[in-house]
Amino acid sequence: MSFTNFKIERDSDGILTVVWDVPGRTMNVLTNSAIGELAQIAQTAATDAQVTGIIITSGKRNGFCAGAALDEMQDNAAAGAATSSDADAAKRRFDGVMVFHKALRQLETCGKPVLAAINGLALGGGLEVALACHYRFVADDPRIALGLPEAKVGLLPGGGGTQRVPRLIGAMQALPMLLQGSSIDPQKALAMKLVHKVVPAAQLLAEAKAFLRTKPEAVQPWDKKDFKVPGGGPYSPGGGQAFTMGSSMLRKESYGNYPAQRYILSCVYEGLIVPIDAGLRIEARYFTKLLMQPESRNMIRSLFLSMQELGKGARRPQGEPKSEVKTVGVIGAGVMGFGIAYVSALAGIEVILIDSTQERADTGKENCARILDKAISRGKSTPEKKAEVLGRIQATADYTGLAHADLVIEAVFEDRAVKAEVTKKAEAVLPASAIYGTNTSTLPITGLAEASQRPQSVIGIHFFSPVDRMGLVEIILGKKTSSRALAVAIDYVQKIKKTPIVVNDSRGFYTSRCFGTYTREGLAMVAEGIHPAMVENVGRMAGMPMGTLEVLDSVGLDTPLKVVRQTRKDLGTNTPDAMEEFLADMVETKHRLGRKNAKGFYDYSDDGKRLRIWPDMIASRAWKTDADVEEMKQRFLTIQALEAARCFEEKVITDPRDADVGAILGWGFAPFTGGPISYIDTLGTKAFVERCRNFEKKFGERFKPCALLLEMAQTNQSFYTRFAPQKQAA
Ligand code: NAD
């Protein structure tokens, strides 16, 4: 037997060891050709009397299988681009999924015991192959992730995951795993009975073979006559409870915005009532239907394909040699600085962490230690790892260490003069080849570069808080920033395992600028007299992670007041509008500044817990509670998407992938939409412009569609066509 994706060894006692080793890839992925070969292997096992058992393991050092192949996922997305009335496309997709189901059914009914020896991460389709084996042994390594992450990118586990997982561990345990797409480590999987044994890595194959020699039974639990779903099926008291809780929790968390989660729930519910083969057909139908939904298409594109492309350096300038940042200088050891120092040291980079005094620099390093302590307490790190990471961070008030730095990231106060002074001090020591990054969140890079002797080396490297948890870095090009500076910044962001987007200089850049429109819209609604609780809830119903008043409280209400006043002055308007008056009253008359003085739109407990919307504000007037919820949701998303479109017009942003991925990772823009640009494209530029015009009439000039949108609306041109990423991917 000779295959492309698998290498087969046959023992003298008839055990086939099937080593999954896709050629030309560092990690195994599940392709159509691998599925076909698995079916052939199952066929051989069934018909060859000499075969006594099968072990499936991986030949890759770093994993068993990471899931479906990226290029074939692209095909899926393209197939889904057909309209749901396109019955042929649906049939093709359904038949394709059924081929996979058939192969896995062949494997689990081949009559010989099949064991998955999982020696690295097994995700998505990779885990689904393992679930179709009669036994699963896993190497004892807490870094091994087992999971079905499909729901996170708008998909459902379409290789039998929604049928086999609940049949193995019951709906109560299966539903959170399937709906959240979270991964578990081998010990947790053992405790959940998802795997049979956790074995020291070096003995995995030997133990697997020894076990198969005992001639264990070769029947899946669900193929036995007396099979019962653990915890009971949907009509039993236990099973019924799982579904009642599951659907209400899902509704609470996602407001029905995510078809993938809804369909997963239906697959499990409907699938558990029928035998496995009918359950798999049900799953295949929902999977096909899901691929036809814009939500799933957009989420796959943004959260899977575009994120991977950006992560792999799609926006890196061509021709620049690969760089390696070995030493980074972080200036300013505050909230952002210590986070940047931590993620850099974690990635193996030497860090010189500088603040104005030794004490402040030390505090920054202590905060890094705190993150590591937390990780240790959760079993995610070890004291040795902590010592190793902290050993790479040198906390100091002395700039001389920067003489060896390849890159500097400045994170001092948001003040031009302070930043200029720090730039000069650093450049006095830095080697000529070093790149100078600034973490400013608002100050244009071109202006900051004026303080530099080498403005071509100055670049914005904008992190999000908390740095250790936020996956995005917004890279900002000043007028004079060189392509080498961009290449080094992207190489560095890749090294610390975050996703870079690239934008051009402007006040607020891309992310802060668009996000600001969301909070302003919420304030405008409150100023119009819509009940604050309704404004908060509808913000979340629209898909945003936090209500606008909650966000404003954490920023501090004095900041938006300053912005609103400055904008009015810049526009030459003398009379404050209702929003400014409302904010001024909160800040200057009522002294409610937000979280910082424990009084804002919300009340807070002494230990900073958010308690309730301020009762006096609620009592201060008769609030409207009959506002149109659908229209409010549209206002929230439209105002942000319109700002993103303006950023295209002004060339602040040039690639739709940056716009969509940046919005979801940076400020949590409703992920089910695929991002603000996918949101516009899905609606169509024509319909989007009409909506903007309608809102402009009702709510004011801020909804006026920009010239670019008007032009695109004439032919209903989409952003992903006009600014097609492949044309400009560097
Ligand atoms: P912070 O006040 O927590 O920290 C600033 C640090 O800089 C302090 O430790 C201070 O002692 C130090 N510092 C001030 N002057 C210095 C000097 N001359 N030399 C050396 N150190 C000096 O502020 P932060 O929230 O960490 O913000 C830092 C930068 O990051 C700002 O530009 C801010 O706009 C930007 N930023 C902040 C956030 C956020 O959420 N906090 C997010 C993105 C970007």
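Whatever order the structure lists ligands and atoms in, that order sets their numbers, starting from 1.
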Considering only the protein, which heavy-atom contact is closest to atom 6 (C) of ligand 1, and what is its distance?
Gly334 N, 3.8 Å
Checking heavy atoms under 4.0 Å, the part of Ser465 that sits near ligand 1 is side chain
Quick one: does any side-chain atom of Glu474 pair with a main-chain N or O of Tyr510 as donor and acceptor, under 3.5 Å?
yes
Among all protein non-hydrogen atoms, which one is nearest to atom 15 (N) of ligand 1, and what is the separation to 0.1 Å?
Val418 CG1, 3.6 Å
Nearest protein heavy atom with distance in Å, relative to atom 2 (O) of ligand 1:
Phe413 CE2, 3.4 Å
Winner among Glu414, Glu421, Glu410 once heavy atoms are compared against atom 32 (O) of ligand 1
Glu414
Heavy-atom nearest neighbour in the protein, as seen from atom 20 (C) of ligand 1, with distance rounded to 0.1 Å:
Ser356 N, 3.4 Å
Are a donor atom and an acceptor atom from the side chains of Ser323 and Tyr492 found within less than 3.5 Å of each other?
no
Under 4.0 Å between heavy atoms, the region of Thr442 that gets near ligand 1 turns out to be neither
For residues Asn298 and Tyr679, is any side-chain donor paired with an opposing acceptor at under 3.5 Å?
no
Ion pair present between Glu320 and Arg484, side-chain N to carboxylate O less than 4.0 angstrom?
no
Minimum-distance protein heavy atom relative to atom 18 (N) of ligand 1:
Val422 CG2, 3.5 Å
Out of Met336, Arg360, Lys419, who gets a non-hydrogen atom closest to atom 38 (C) of ligand 1?
Met336
Where the side chain of Lys365 meets the backbone of Ile393, is there a donor-acceptor pair that is under 3.5 Å apart?
yes
Test side chain to side chain donor-acceptor pair (under 3.5 Å), reference Tyr602, set Lys609, Glu536, Arg592, output is Glu536
Arg301 and Ser678: side-chain donor and acceptor closer than 3.5 Å?
yes
Does any N or O of ligand 1 fall below 3.5 Å from an N or O anywhere on Asp355, backbone included?
yes
How close does the nearest protein non-hydrogen atom get to atom 3 (O) of ligand 1, and which residue and atom is it?
Val335 N, 3.0 Å
Hey, is Phe464 touching ligand 1 through its side chain, its backbone, both or neither, going by heavy atoms under 4.0 Å?
neither
Per atom 7 (O) of ligand 1, closest listed option by heavy atom (Leu448, Val412, Val555)
Val412
Qualifying residue for side-chain contact (heavy atoms from CB on, under 4.5 Å) with Arg540, from Glu253, Lys252, Glu550, Met546:
Glu550
How far is atom 44 (C) of ligand 1 from its nearest protein heavy atom, and which residue and atom name does that atom have?
Asn439 O, 3.2 Å
Taking 4.0 angstrom as the limit and counting only heavy atoms of Phe463, give me the atoms of ligand 1 inside it, by number and element.
42 (C), 43 (C)
For atom 5 (C) of ligand 1, tell me which residue out of Gly337, Ser554, Ala411 has the closest non-hydrogen atom.
Ala411
Among Val389, Leu372, Leu346, side-chain contact (heavy atoms from CB on, under 4.5 Å) partner for Ser381
Leu372
Element-labelled atoms of ligand 1 that are located less than 4.0 Å from some non-hydrogen atom of Ser441:
33 (C), 34 (O), 35 (C), 36 (N), 44 (C)
Heavy-atom contacts with Thr440 under 4.0 Å: which atoms of ligand 1 show up? List them by number with element.
32 (O)
In terms of side-chain heavy atoms, does Glu521 have a donor or acceptor partner in Thr548 at a distance below 3.5 Å?
no
Between Arg520 and Glu580, is there a side-chain N and carboxylate O pair less than 4.0 Å apart?
no
Using a strict cut-off of 4.0 Å, indicate which atoms of ligand 1 neighbour a heavy atom of His462.
43 (C), 44 (C)
Which one holds for Tyr399 and ligand 1: side chain close, backbone close, both close, or neither close, with close meaning a heavy atom under 4.0 Å?
side chain
Salt bridge between Glu650 and Arg513, side-chain N to carboxylate O under 4.0 Å?
yes
Under a 3.5 Å threshold, yes or no: a donor from one side chain and an acceptor from the other, between Thr438 and Glu410?
yes
Strictly less than 4.0 Å: does any protein heavy-atom distance to atom 23 (O) of ligand 1 fall in that range?
no
